[in-house]
Protein chains: 2
Amino acid sequence: MSDEFIKQETNVTGEGFLPGLAIDTVIFGFHDNQLKVLLLTYKNTGLFALPGGFIHQNEDVNEAARRVLFSRTALTDIFLEQFYVFGNKNRHDVAPLKTIMAARNFIPLNDHWLLKRFVSVGYYALVDFTKVIPTPDSISDSCDWFSLDALPTLMQDHQEIVNKALQTLQANLDHKLIGFNLLSETFTMGDLQSLYETILNKKLIRAAFQRKMLSLCILERIAKKWTGGAHKAPYLYRFISENNILS
Amino acid sequence: MSDEFIKQETNVTGEGFLPGLAIDTVIFGFHDNQLKVLLLTYKNTGLFALPGGFIHQNEDVNEAARRVLFSRTALTDIFLEQFYVFGNKNRHDVAPLKTIMAARNFIPLNDHWLLKRFVSVGYYALVDFTKVIPTPDSISDSCDWFSLDALPTLMQDHQEIVNKALQTLQANLDHKLIGFNLLSETFTMGDLQSLYETILNKKLIRAAFQRKMLSLCILERIAKKWTGGAHKAPYLYRFISENNILS
DNA sequence: TTATTATTGTAACATAATGATACAATAATA
DNA sequence: TATTATTGTATCATTATGTTACAATAATAA
């Protein structure tokens, strides 16, 4: 949910939005050799949630997902992809929504559109951690990165959504070249291997990994990198952009 | 859409259904070395469409997809999986729906729920061609298998849905073992190779394919098969069911 | 009954991909 | 200038895949 929440709250029938359909986005970043997820908290509730939102009547669902992503990260041209529709009837839980509204001194009627059953389209985004400045919006206390392996308790079925997003990321990592979306413009071979190891949660063989990556002809070697370490400095690489996959 | 269409038609507000959300299912079969898709035609309209339907208020979306599949094939325990959400605003096209209704002498008001914008969750199913008896329901003239490479013009964006389903099938074929869902209980190595070749649309090396499949330890060799051919009879194989993937 | 035929199952070898080890090169530090 | 830890890559071992060949054999024809 975004800045538009206020509009949505007082808009009792949900006029202008597709009814019963929401978007939740798992925004992945990579930092300190850890996968991170962007979470927000709703004011005075202690509830942690994935950034999400609703779809305008005159808007493609994928467009809406990009709008939501932009509203949270201010980034465009980001890898963003659907991965699953969460449509179980028992995921409908009005309690947290009422809590959020109550914390804003808004008491909805029982037939308020936001309290009806929602099906959510899950998206995952891969962003350059260094380019994102998490910014809370008007209804959020905070918007912050959390390590994937130390997430707080999430609202509704958002933990399940994160799990499924990670599975999808793992399954697609090799097949496509999507992993590169998590790195900054330039990176070392070590950075890249570390990213792969973190996502796949297993050690890879250094020599074989390097040989494989170089054989793919998707990397451009740039220059020497200065490192703090007392050892040979690694090359910097750049992902050749013709191969870039945004979605 | 199913037998429930009559209910849905006279149910002007869509009471009991999730609003604006539909399911479309690409049901794949394999016969005569060709991939087949199950299509239906609506009475007196000449419109070809994928079997689809709507979601009950008290039903999981995945449940609804199984219900739709069952209503069309009478099969349970079938591989069925979501693959994409079709949510473009321009896919909203009321003309064919009005045609279908008009052919049944039903003239809907302009705010009839079925004429509103719909987002559709795409599912694909893999079924044993020999076990399916396509049966038209009350609003369909026909329900038949069509070769994937000779489909008639489809309603709305259903061709796009078929295309995306095929891409998904191709991408998942090796990774999972889903292809086996398209074969009957027992099959020859030739049958299996032929299936793979058809789905992937490329020739595979016989010796390597056989070696690979046997090395996976997912096949049980049963007995000699009698063939009409003047040559050595092939073994029959069965897919070891512990590996079975239904969804 | 026996030879012919086409296809199957698999062996054998060639090539390619990956795993494992080793080592020279070298940037920062001492 | 020597030490140190890490990088880049070469080398060999192992595994996987591509290619060719051929014996086995069910149906047909002679």
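Reckoned from all heavy atoms, side chains included, excluding hydrogens, waters and symmetry mates. Sequence lines set the chain letters: A, B, ... in the order given, protein chains first and strands last, and positions in each chain run from 1.
Defined by atom type and a distance below 3.5 Å, a donor-acceptor pair is missing between the side-chain atoms of A:Asn163 and A:Gln167.
For A:His231, the ring-ring contact (aromatic ring centres under 6.0 Å, His included) criterion is met by no residue, not counting sequence neighbours. Remark: B:Arg206 pairs with no residue by the salt bridge (Lys or Arg N to Asp or Glu O under 4.0 Å) rule, at least two apart or across chains. Remark: A:Lys202 pairs with no residue by the salt bridge (Lys or Arg N to Asp or Glu O under 4.0 Å) rule, at least two apart or across chains. Applying the salt bridge (Lys or Arg N to Asp or Glu O under 4.0 Å) test to A:Arg238 and every residue at least two apart in sequence or in another chain returns A:Glu185, A:Glu220. The side-chain hydrogen bond (donor to acceptor under 3.5 Å, both in side chains) search around B:Asn201 returns none, not counting sequence neighbours. B:Tyr196 pairs by the ring-ring contact (aromatic ring centres under 6.0 Å, His included) definition with B:Phe209, not counting sequence neighbours. Every residue meeting the side chain to side chain contact (heavy atoms under 4.5 Å, CB included) condition with B:Phe86, not counting sequence neighbours, appears here in chain and number order: B:Phe83, B:Tyr84, B:Arg91, B:Asp157, B:Glu160, B:Ile161, B:Lys164.
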Close N/O contacts between protein and nucleotides 15-18 of chain D (under 3.5 Å):
unit_1 : atom_1 : unit_2   : atom_2 : d
D:dT17 : OP2    : B:Lys212 : NZ     : 3.1
D:dG18 : N7     : B:Arg211 : NH2    : 2.8
D:dG18 : O6     : B:Arg211 : NH1    : 2.9

Contact list (N/O, under 3.5 angstrom) for nucleotides 27-30 of chain C vs protein:
unit_1 : atom_1 : unit_2   : atom_2 : d
C:dA27 : O4'    : A:His231 : O      : 2.9
C:dA27 : O4'    : A:Ala233 : N      : 3.4
C:dA27 : N3     : A:His231 : N      : 2.7
C:dA27 : N3     : A:His231 : O      : 2.9
C:dA28 : OP1    : A:Trp226 : NE1    : 3.4
C:dA28 : O4'    : A:Gly229 : O      : 3.2

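Between B:Lys89 and A:Glu59 there is no salt bridge, since none of the side-chain N atoms of the basic residue sits less than 4.0 Å from a carboxylate O of the acidic one.
Ranking C:dT8, D:dG8, C:dT10 by closeness to the A:Met189 side chain, first place goes to D:dG8.
If you measure from atom CG of A:Leu204 to atom P of C:dA20, you get 12 Å, rounded to the nearest angstrom. Protein atom CZ of A:Arg206 is 11 Å distant from nucleotide atom C1' of C:dT21, rounded to whole Å. If you measure from atom CG of A:Leu214 to atom P of D:dA10, you get 11 Å, rounded to the nearest angstrom.
At a cut-off of 3.5 angstrom, the base of C:dG9 holds no donor-acceptor pair with the side chain of B:Arg221.
Judged by closest nucleotide on DNA chain C, B:Tyr237 is the one of A:Phe209 and B:Tyr237 placed further toward the 5' end.
Screening residues 121-134 of chain B for salt bridge (Lys or Arg N to Asp or Glu O under 4.0 Å), with sequence neighbours left out, gives B:Asp128-B:Lys131. Legend: salt bridge (Lys or Arg N to Asp or Glu O under 4.0 Å) pairs involving residues 27-39 of chain B, not counting sequence neighbours: none detected.
The strand DNA chain C forms stems, runs of 3 or more Watson-Crick or G-U wobble pairs with distances below 3.5 Å, at C:1-30 with D:1-30.
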